[in-house]
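Here is how names work: the chains are called A, B, and so on, in the same order as the sequence lines, proteins then strands, and each is numbered from 1.
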There are 2 protein chains.
Amino acid sequence: MQITRTEEYALRGLVFLARQPPEKVTLVSEISKEQKIPEAFLAKIFQRLSKAGLLRSIRGANGGFSLGRPANRITMKEVMEALEGPIGLSRCLVREGECEEEAVCPLHPIWEELQHRFVEVLDGTTVEDLAKRMVRDGRRGRG
Amino acid sequence: MQITRTEEYALRGLVFLARQPPEKVTLVSEISKEQKIPEAFLAKIFQRLSKAGLLRSIRGANGGFSLGRPANRITMKEVMEALEGPIGLSRCLVREGECEEEAVCPLHPIWEELQHRFVEVLDGTTVEDLAKRMVRDGRRGRG
DNA sequence: GATTAAAAAGACCTAATTTGTCCTGTTTAT
DNA sequence: ATAAACAGGACAAATTAGGTCTTTTTAATC
């Protein structure tokens, strides 16, 4: 029940890009240095994000990454799903028939509600939102 | 980002007990058989739940388990926390100072919001609610 | 008191997943 | 050509989840 490091790194990387001049091409090595994320690992993550169209990669000398589309059109949900596949909070929401065969599953509707609320937030939050939060004064999360 | 089997088993076990005559003492072996949960594993889980007061255990011959309090006063949140410790959706909500030292963490407030909504559901749902859902017609989760 | 049934407790094991590294391509600007 | 940069696969290490086993404690019953 925790957000993975992969997801966290991905979001930090995207936020970093969102705060660069648009269309600027940035090196993985630069991001990894600034954000203290293992370079090879971040490279792997970025691969997946660009396959999903969330990043645009430019190969060869002077290559690098930039956002695949404007930061306000990349949602957290897309990021999560690009990395971990469709969101499924519990086994029985993932594998059809996992629990329906046997008896009625009392947990099923709750998992659904939980997941729904979760996705609501993820879907309603863009990389731009995240990038802006960082600027807006030094408000701390919860102290 | 998934509910663990431990949590699922715990809830299924509790729901099972909630559907027994109150104060009836039930064997782990019975629950594990009915619910198809590995017995030794369920026993472990029940240990933790009874330390947390969510179950009452009776040792020795004729022993077993019953709910530690009425099913409508055991929330899913309590169950989750009894098993996995305080809910912390992301590292930086768990370990104080994990992200605050460095720069302002743009993800922090979002993790908080996500977690808040999550806990809202968990806190508002009791074992009784779950048990009742099971009775109430054969409505399927989502098909 | 001995026997037996049951949970408590903790050590232990295994498998899966996450996190990360490394090496060998491939692409492309210079 | 060459060097810079991403692409992709194989592999390694660390962590966590899931599960088993053994011993100890407790209580009822013979």
Side-chain angles (χ1 to χ4, degrees), chain A residues 1-13 17 24-33 35-68 80 82-85 88-91 94-95, chain B residues 1-13 17 24-33 35-68 80 82-85 87-91 94-95 98:
Chain A
M1 262 333 292
Q2 268 202 201
I3 277 101
T4 66
R5 223 161 273 218
T6 299
E7 290 162 333
E8 186 199 314
Y9 290 165
L11 291 168
R12 297 212 336 246
L17 286 175
K24 184 195 163 188
V25 171
T26 308
L27 301 183
V28 170
S29 57
E30 182 187 345
I31 303 173
S32 89
K33 203 172 295 172
Q35 292 286 311
K36 288 174 194 142
I37 299 169
E39 182 173 336
F41 192 32
L42 184 59
K44 273 272 137 72
I45 294 170
F46 269 24
Q47 266 179 44
R48 284 191 268 166
L49 295 178
S50 53
K51 262 201 229 165
L54 306 183
L55 284 178
R56 191 165 54 100
S57 80
I58 295 170
R59 295 175 71 159
N62 299 334
F65 288 92
S66 54
L67 294 182
M80 305 291 226
L83 296 170
E84 322 270 3
L89 223 52
S90 86
R91 266 186 313 154
V94 176
R95 302 185 19 84
Chain B
M1 258 337 293
Q2 267 202 207
I3 278 102
T4 66
R5 223 160 274 219
T6 300
E7 290 163 334
E8 186 197 315
Y9 290 165
L11 290 168
R12 294 203 350 236
L17 287 175
K24 185 197 164 189
V25 170
T26 308
L27 300 184
V28 169
S29 57
E30 183 186 346
I31 302 173
S32 88
K33 202 172 295 172
Q35 293 286 311
K36 290 175 192 140
I37 299 170
E39 181 172 338
F41 192 31
L42 185 60
K44 271 278 170 258
I45 294 169
F46 270 24
Q47 265 180 43
R48 286 192 267 166
L49 295 177
S50 56
K51 262 201 230 166
L54 305 183
L55 286 178
R56 192 164 53 101
S57 78
I58 294 168
R59 294 172 72 155
N62 300 334
F65 289 91
S66 54
L67 294 182
M80 304 291 225
L83 296 170
E84 321 271 2
I87 292 172
L89 224 51
S90 86
R91 266 188 312 154
V94 176
R95 304 185 17 84
E98 177 89 18

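Taking CZ from B:Phe46 and OG from B:Ser57, the interatomic distance works out to 11.0 Å, rounded to the nearest 0.5 Å. Here the CD1 atom belonging to A:Ile3 is positioned 11.0 Å from the CZ atom belonging to B:Arg91, to the nearest 0.5 angstrom.
Going from atom CD of A:Gln47 over to atom C1' of D:dA10 covers 13 Å, rounded to whole Å. In this structure, the CD1 atom of B:Ile45 is 16 Å from the C1' atom of C:dA9, given to the nearest Å. If you measure from atom NZ of B:Lys36 to atom P of D:dG19, you get 15 Å, rounded to the nearest angstrom. Atom CD of A:Gln2 is separated from atom P of C:dT18 by 12 Å (rounded to the nearest Å).
Of the residues near DNA chain D, B:Arg5 and A:Leu27, the one whose nearest nucleotide (by heavy atom distance) lies more toward the 5' end is A:Leu27.
A:Thr6 has a side-chain polar atom (N or O) that falls below the 4.0 Å cut-off from OP1 or OP2 of C:dT19.
If you check D:dA7, C:dA7, D:dT20 against the side chain of B:Ala40, the one that comes closest is D:dT20. Of all nucleotides listed (C:dT19, C:dA7, D:dC6), D:dC6 comes nearest to the side chain of A:Val28. Minimum atom distance to the side chain of A:Tyr9 is reached by C:dG20, of the listed D:dG19, C:dC22, C:dG20.
If you check every strand for non-hydrogen atoms under 4.0 Å, B:Ser29 touches nothing. Heavy atoms of A:Phe46 sit nowhere under 4.0 angstrom from any nucleic acid atom.
Between the side chain of B:Lys44 and the base of C:dG10 there is at least one donor-acceptor pair of N/O atoms closer than 3.5 Å.
Remark: B:Arg59, B:Gly60, B:Ala61, B:Asn62 in residues 56-63 of chain B come within less than 4.0 Å of DNA chain D through at least one heavy atom.
Looking only at atom types and distance, the side chain of A:Glu8 has no donor-acceptor partner in the side chain of B:Ser90 under 3.5 Å away.
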